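The next block holds one structure in the form of structure tokens; read it before the comments.
Computed from a predicted structure; not experimentally measured.
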Amino acid sequence: MSATGRAVFVDVETTGLDPMRDEIVELAIVGFTFDRDVGRIDTYGVEYCGMSEPRQPIPKAATAIHGISDAMVAGRSLDESKIRRAIGTCEVIVAHNAQFDRAFLVKRFPWMAQWRWLCSMRQIDWGRRGFARRGLGYLSKAHGLRFVQHRAQGDAMAGVMLLGWQGENGQYYLEELLQALS
């Protein structure tokens with residue numbers, strides 16, 4: 001096995017919280033390589049970001065959270081071939097609240113169920129590290145990371161940058177997360 005691994009961090013913005021009823025309106029995929037021995041992130045970059053027009057208008061409550069309007073997604077759809085290429089060579093998919101993102105993505109793309117998923121929100125012990133909350137916005141601000149708007153690409157980039165951070169003990173957050181694969 002190579003000393004370098006490859007993963008993707010995904011984030012979705014949706015019309016609501018119910019994956020059986022609501023739909024994805026934005027998806028971002030940030031790919032990254034990492035050192036398996038210490039969990040250090042070596043390279044990262046946006047591999048895909050796309051929007052999709054839902055069957056029903058986006059509820060005002062959802063737009064108030066992510067800022068995505070019906071006009072922004074009009075006539076747009078997710079490019080499955082680009083999504084397959086972005087995810088195809090990774091060994092694990094990471095999301096902050098993976099249960100949420102996975103439910104929406106597997107409903108839309110059933111083939112995504114075959115990947116191993118990790119959750120940077122639940123599988124890193126943020127409380128032990130001294131953080132009162134585990135939301136991505138809170139953790140990003142606590143680490144001095146720029147957190148502009150709750151949108152898929154910004155959230156996915158913030159997630160990768162957070163995983164690349166070393167805690168007070170010198171351990172990369174990604175290393176702790178990868179231990180869940182053992």
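- Going from atom CZ of Phe32 over to atom SG of Cys90 covers 9.0 Å, rounded to the nearest 0.5 Å.
- The shortest distance between side-chain heavy atoms of Arg40 and Leu174 does not fall below 4.5 Å.
- Shortest non-hydrogen contact noted between Ile41 and Gly164 is CD1-N, 3.6 Å.
- The nearest pair of heavy atoms linking Gln153 to Val46 is NE2-CG2, 3.7 Å.
- Separation of atoms CG (Asp70) and NZ (Lys60) is listed at 8.5 Å; rounding is to 0.5 Å.
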Inset, instruction - Could you check Arg102 against Ile93 for side-chain contact (heavy atoms from CB on, under 4.5 Å), going step by step and ending with a plain yes or no? - result: CA-CA 9 Å; Arg102 185 181 191 280; Ile93 298 172; over 6 Å; no
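- A cation-pi contact links Arg84 to Trp111, judged by a cut-off of 6.0 Å to the six-membered ring centre and 45° from its axis.
- At distances below 3.5 Å, not a single donor-acceptor pair connects side-chain atoms of His66 with backbone N or O atoms of Val25.
- Within a 6.0 Å radius of CD in Gln114, other residues, nucleotides and ligands contribute more than 12 heavy atoms.
- No side-chain heavy atom of Leu139 sits less than 4.5 Å from a side-chain heavy atom of Lys141.
- Clustering ILVMFWY residues whenever any of their side-chain heavy atoms sit less than 4.5 angstrom apart, transitively, puts Met121 in a cluster other than the one holding Trp165.
- With a 4.5 Å cut-off on side-chain heavy atoms, Trp115 and Val92 do not count as touching.
- Transitive grouping of hydrophobic side chains (ILVMFWY, heavy atoms separated by less than 4.5 Å) keeps Leu17 and Leu136 in distinct clusters.
- Within 6.0 Å of atom CD in Gln56, 12 or fewer heavy atoms from other residues, nucleotides or ligands are found, so the atom counts as exposed in its surroundings.
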Legend entry - side-chain hydrogen bond (donor to acceptor under 3.5 Å, both in side chains) between Ser69 and Thr63, intermediate numbers included: CA-CA 6 Å; Ser69 67; Thr63 297; over 6 Å; no
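- Between Phe34 and Leu178, some side-chain heavy-atom pair lies under the 4.5 Å cut-off.
- We find the CG-CG distance between Leu27 and Leu105 to be 5.5 Å, quoted to the nearest 0.5 Å.
- Here the NE2 atom belonging to His143 is positioned 5.5 Å from the CG atom belonging to Leu162, to the nearest 0.5 angstrom.
- Contact check for Trp117 versus Val10: side-chain heavy atoms found under the 4.5 Å cut-off.
- Across Leu177 and Cys119, no two heavy atoms sit closer than the pair CD1-O, 3.4 Å.
- Between Trp126 and Tyr173, the distance separating the two ring centers is shorter than 6.0 angstrom.
- Residues Tyr44 and Met157 have side chains in contact (heavy-atom distance under 4.5 Å, counting atoms from C-beta outward).
- Between Asn169 atom CG and Glu176 atom CD the span is 8.5 Å, to the nearest 0.5 Å.
- In terms of hydrophobic clustering, with Ile, Leu, Val, Met, Phe, Trp and Tyr side chains grouped at heavy-atom distances under 4.5 Å, Val94 and Tyr172 are assigned to different clusters.
- Atom CD of Gln166 has more than 12 heavy atoms from other residues, nucleotides or ligands within 6.0 Å.
- Between the Glu23 side chain and the Arg55 main chain, a donor and an acceptor come within less than 3.5 Å of each other.
- Pro19 has its side chain out of reach of Phe100: every pair of non-hydrogen atoms, C-beta onward, lies at least 4.5 Å apart.
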Inset, instruction - Apply the test side-chain contact (heavy atoms from CB on, under 4.5 Å) to residues Asp101 and Asp11: give CA-CA distance (whole Å), side-chain angles for both, the deciding distance (0.1 Å), then the verdict. - result: CA-CA 6 Å; Asp101 295 83; Asp11 189 76; 3.9 Å; yes
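- Nearest heavy atoms, Tyr48 versus Leu78: OH-CA, 3.4 Å.
- Across all their heavy atoms, Phe104 and Gly16 have their closest contact at CZ-O, 3.5 Å.
- Here CD of Gln171 is found 9.0 Å from CD1 of Ile124. Values are rounded to the nearest 0.5 Å.
- Listed here is the closest heavy atom pair of Ala156 and Val30: CB-CG2, 3.6 Å.
- Using a 4.0 Å cut-off between charged nitrogen and carboxylate oxygen, Glu47 and Arg85 do not count as a salt-bridge pair.
- The pair Arg36-Glu175 does not count as a salt bridge, with every side-chain nitrogen at least 4.0 angstrom from each carboxylate oxygen.
- Proximity of Ser52 to Val73: side-chain heavy atoms (C-beta onward) are nowhere separated by under 4.5 Å.
- Hydrophobic clustering, with ILVMFWY side chains joined whenever heavy atoms are under 4.5 angstrom apart, groups Met72 together with Ile58.
- In the hydrophobic clustering of this structure, Phe9 groups with Leu145; members are Ile, Leu, Val, Met, Phe, Trp, Tyr whose side-chain heavy atoms approach within less than 4.5 Å, directly or through other members.
- Taking 4.0 Å as the cut-off between side-chain N and carboxylate O, Arg151 and Glu26 count as a salt-bridged pair.
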Inset, instruction - Assess whether side-chain hydrogen bond (donor to acceptor under 3.5 Å, both in side chains) is satisfied between His150 and Asp155, documenting all intermediate values. - result: CA-CA 6 Å; His150 183 64; Asp155 289 356; 3.0 Å; yes
